[in-house]
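Structure first, then comments.
Atom set for the values below is all heavy atoms of this structure, side chains included, hydrogens, waters and symmetry mates excluded. Numbers here are sequence positions counted from 1. Treat the numbers as computed from the prediction; the structure is a model and nothing was measured.
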Amino acid sequence: MRFWMFNECAYHYHLSISLDSATSPMSLGVAAIPPNTLSLALSYTHASTLLSLPPINNPRTPGRRNLVLLSHSNNLDYFNSHQQVIVPGIMETNVLVPEINRTLYSDIEPFNTGFLKVSDIHTIYYEQSGNPDGHPVVFLHGGPGGGTSPSNRKFFDPNFYRIILFDQRGAGKSTPHACLEENTTWDLIEDIEILRAHLKVPEWQVFGGSWGSTLALAYSVSHPDKVTGMVLRGIFMLRKKEIDWFYEGGAAAIFPDAWEPFRDHIPESERGCFVDAYNKRLNSNDKETQVRLPLLFLLSV
């Protein structure tokens, strides 16, 4: 299994990769990576477009996939630039590696959409786009409760990937909306497996951002034989210190204008814990309150 982790910041992305049992750590700035990338050590910074690669003795991945790796040899548009660098160690073959593409792909429409009943209560929305015969990748959105959007398809090369998006329980187009009953991490993991079986996907790459990075890790640990690789970006592990920073005042120092309406909706007597205050309102019997609070949050960020 390959593993990519992106720690998002303004100018630098950090990434770690594990290819089966033997490969080296990597740092790379790229929006989406081909599923069977060379066992390379790459370095990239915002100020430089130079790629630094070690000698390559075997141009195929170790392990069960064994796909040919230099994607441009298969006319795949992972490397999309007129700028090229020479790969050290294979200079005698005059192989040139173009600069890695750091832009997203074009807008596309799904070739298949549907709803899948995953429990007595919940039905999830899913869609497929890109290449129906391509390498399957499942996109896990953030939140929890964030839902997917058409722009999520743009992370992936539609000529290579069979792109699968779905809205987790209670999110997006899935029903019932905002329902917390039978809506745990382990329920979502089971839903991913139900969806994989429904779409007849033997194994797939898992791509998760924010809360989706946590769900991707939990799913991959639970079903490692179904995962060909992982891409994690915008890491948010839902640890208490992360939640406290995000909801209890840390973010206010960076985004005070967004924080004020979020804070002011709660009476001063309840501001000791905003998570508890909003949890009480989101679980209120007053449906108007349940709907108004998510809208307030979306307008404030």
In a table with atom names and distances, give each donor-acceptor pair under 3.5 Å that connects a side chain of residues 172-180 to protein atoms at least two apart or in another chain.
residue: Ser174; atom: OG; partner: Tyr125; partner atom: N; Å: 3.0
residue: Ser174; atom: OG; partner: Asp167; partner atom: O; Å: 2.7

- Spatial distance of atom NZ (Lys117) from atom CD1 (Ile194) [nearest 0.5 Å]: 11.0 Å

- Task: Search all heavy atoms of Ser213 against all heavy atoms of Arg233 and return the closest pair with its distance.
- Result: CB-O, 4.2 Å

- Task: Applying ring pair (Phe, Tyr, Trp, His ring centres under 6.0 Å) between Tyr161 and each of Trp204, Tyr105, Phe156, report the one that passes.
- Result: Phe156

- Item | Basic-acidic side-chain contact under 4.0 Å: Lys154, Asp107 | yes

- May I have the step-by-step check of side chain to side chain contact (heavy atoms under 4.5 Å, CB included) for Ile124 and Gln168, ending in yes or no? CA-CA 6 Å; Ile124 62 170; Gln168 298 159 27; over 6 Å; no

- Task: Determine whether Asp120 and Glu182 make a side-chain contact, defined as any pair of heavy atoms from C-beta on separated by less than 4.5 Å.
- Result: no

- Honestly curious: do Val138 and Phe115 fall in one hydrophobic cluster under the side-chain, below-4.5 Å linking rule? no

- pair Lys280-Glu270: side-chain heavy atoms closer than 4.5 Å: yes

- Gly147 to Ala171 - nearest heavy-atom pair and separation: N-CB, 3.9 Å

- Drop me the distance from Ser284's OG to Asn279's CG, to the nearest 0.5 angstrom. 11.0 Å

- Closest approach of Thr228 and His135, non-hydrogen atoms and distance? OG1-NE2, 3.2 Å

- Query: Atom OG1 of Thr148 and atom NE2 of His141: how far apart are they, to the nearest 0.5 Å?
  - Reply: 6.0 Å

- Query: Taking the side chain as C-beta and beyond, is there a heavy-atom pair between Val118 and Phe166 under 4.5 Å?
  - Reply: no

- Taken to the nearest 0.5 Å, the spacing of Asp264 CG from Trp259 CH2 works out to 10.0 Å

- Query: Distance from Asp276 atom CG to Arg281 atom CZ, nearest 0.5 Å?
  - Reply: 10.5 Å

- Test item: Ser151 and Leu104 side chains (from C-beta on) under 4.5 Å apart, heavy atoms: no

- Message: Do Ile121 and Tyr126 land in one hydrophobic cluster if side-chain heavy atoms of ILVMFWY residues count as linked below 4.5 Å?
- Response: no

- Item | Minimum heavy-atom distance Pro224-Val221, with the two atoms named | CD-O, 3.4 Å

- Message: Name the residue from Leu140, Leu232, Ile192 that meets the side chain to side chain contact (heavy atoms under 4.5 Å, CB included) definition with Val206.
- Response: Leu140

- Item | Co-membership, hydrophobic cluster, residues Ile266 and Trp245, 4.5 Å side-chain | yes

- Run the numbers on Arg169 and Ser119 for side chain to side chain contact (heavy atoms under 4.5 Å, CB included), then give the verdict. CA-CA 10 Å; Arg169 295 190 182 199; Ser119 76; 3.9 Å; yes

- Query: What are the two closest non-hydrogen atoms of Ala218 and Thr185, and how far apart are they?
  - Reply: CB-CG2, 4.2 Å

- Would you check, one step at a time, whether the test side chain to side chain contact (heavy atoms under 4.5 Å, CB included) holds for Met237 with Leu217? CA-CA 10 Å; Met237 303 297 293; Leu217 286 169; 3.7 Å; yes

- Note on the structure: Nearest heavy-atom contact between Asn131 and Asn159 is ND2-O, 3.1 Å

- Interatomic distance, His223 atom NE2 to Glu190 atom CD [nearest 0.5 angstrom]: 8.5 Å

- Item | Ring geometry between Phe207 and Phe155 (parallel below 30°, tilted from 30 to 60°, perpendicular above 60°) | tilted

- Message: Grouping I, L, V, M, F, W and Y whenever their side-chain heavy atoms are under 4.5 Å apart, do Phe111 and Phe139 come out in a common cluster?
- Response: no

- List for me each residue that meets salt bridge (charged side-chain N to carboxylate O under 4.0 Å, His left out) alongside Lys240, sequence neighbours excluded, and say none if there are none. Asp244

- Measure centre to centre between the rings of Tyr247 and Tyr278, then say whether the value is under 6.0 Å. no

- Message: side chain to side chain contact (heavy atoms under 4.5 Å, CB included), that's the test. Do Val137 and Val231 meet it? Break it down for me.
- Response: CA-CA 10 Å; Val137 57; Val231 179; over 6 Å; no

- Side chains of Val201 and Arg162: does their closest heavy-atom pair fall under 4.5 Å? yes

- Query: Does a side-chain heavy-atom distance below 4.5 Å link Leu195 with Ile164?
  - Reply: yes

